[in-house]
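Along the sequence shown, residues carry numbers from 1. As a basis for the values below, the full set of heavy atoms in this structure was taken, side chains included, without hydrogen atoms, waters or symmetry mates.
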Amino acid sequence: MLLIRCPYCEEERPELEFRNAGEAHIARSSNMAELSDEDFEKFFFIRSNPKGITFERWRHVHGCARFFNAVRDTVTDKFVVTYKAGEPKPDLAKIMPSEAPAAEAAQNDAQEDKAKKPAAKKATAKKGDA
């Protein structure tokens with residue numbers, strides 16, 4: 001069983017007590033009504049899914065019920081560190097110095113893929129219409 005440390009309860013608990021709440025540190029618009037349909041789609045649906053280190057939101061559903069952030073390796077499914085919601089991203093070079101460059105590269109690749117997906121989707125739609 002995977003153990004996850006809740007930064008509020010300050011103890012490790014079984015994974016069954018937690019729920020994933022998606023990608024962490026997403027910049028949200030202050031005025032959603034002014035977003036174009038394409039920008040709203042990017043905000044609401046398009047998420048990075050990198051292989052390796054990722055920043056996620058989690059909720060301790062069967063404990064304190066609070067949201068927190070976690071750095072998790074999607075390859076090994078191990079949690080590197082958890083931290084309270086609202087705190088900045090931890091410095092990966094200090095937490096895991098040997099893997100920090102690979103983690104940054106994975107995040108950059110994910111951002112590039114995220115930028116390319118809407119364009120690929122449009123091209124597919126145009127092909128199907130012809």
Exercise. List for me each residue that meets side chain to side chain donor-acceptor pair (under 3.5 Å) alongside Arg59, sequence neighbours excluded, and say none if there are none.
Key: none

Quiz item: Just how far is it from atom CD of Glu41 to atom OG of Ser36, taken to the nearest 0.5 Å?
Solution: 9.5 Å

Quiz item: So Phe68 and Arg57, side-chain contact (heavy atoms from CB on, under 4.5 Å) or not? Walk me through it.
Solution: CA-CA 6 Å; Phe68 62 92; Arg57 289 186 60 173; over 6 Å; no

Practice problem: For residues Asn20 and Gly22, report the shortest heavy-atom separation together with the two atoms involved. | Solution: OD1-N, 2.6 Å

Quiz item: Residues two or more places apart in sequence or in another chain: which of them pass ring pair (Phe, Tyr, Trp, His ring centres under 6.0 Å) with Phe43?
Solution: none

Self-check item: Nearest non-hydrogen partners of Lys51 and Val75, listed with the distance
Solution: CG-CG2, 3.6 Å

Practice problem: Determine the minimum heavy-atom distance between Trp58 and Glu56, stating which atoms define it. | Solution: NE1-OE1, 2.9 Å

Quiz item: Would you find a donor on one side and an acceptor on the other, under 3.5 Å apart, between the side chain of Thr74 and the backbone of Asn49?
Solution: no

Quiz item: Less than 4.5 Å apart, any side-chain heavy atom of Asn69 and any of Phe55?
Solution: no

Practice problem: Please report the shortest heavy-atom distance between Pro90 and Ile95, naming the atom on each side. | Solution: CB-CD1, 3.4 Å

Practice problem: Check side chain to side chain donor-acceptor pair (under 3.5 Å) between Arg19 and all other residues, then give those that pass, not counting sequence neighbours. | Solution: none

Practice problem: Under the side chain to side chain donor-acceptor pair (under 3.5 Å) rule, collect the residues that match up with Glu17, sequence neighbours excluded. | Solution: Arg13, His60

Practice problem: Flag the pair Asp77 / Leu2 as yes when at least one side-chain heavy-atom distance between them is below 4.5 Å, and no otherwise. | Solution: yes

Exercise. Can you measure from OG1 (Thr54) to CG (Asp73) and round to the nearest 0.5 angstrom?
Key: 9.5 Å

Quiz prompt | Asn31: partners by side chain to side chain donor-acceptor pair (under 3.5 Å), with sequence neighbours left out | solution = Glu34

Quiz item: Could you give the distance from CG (Leu16) to CD1 (Ile4), rounded to the nearest 0.5 Å?
Solution: 9.0 Å

Could you pull out all donor-acceptor pairs under 3.5 Å where a side-chain atom in residues 78-85 meets a protein atom, sequence neighbours excluded?
{"residue": "Thr82", "atom": "OG1", "partner": "Arg5", "partner atom": "O", "Å": "2.8"}
{"residue": "Tyr83", "atom": "OH", "partner": "His25", "partner atom": "NE2", "Å": "2.7"}

Quiz prompt | Heavy-atom closest pair, residues Arg47 and Glu23 | solution = CD-OE1, 3.2 Å

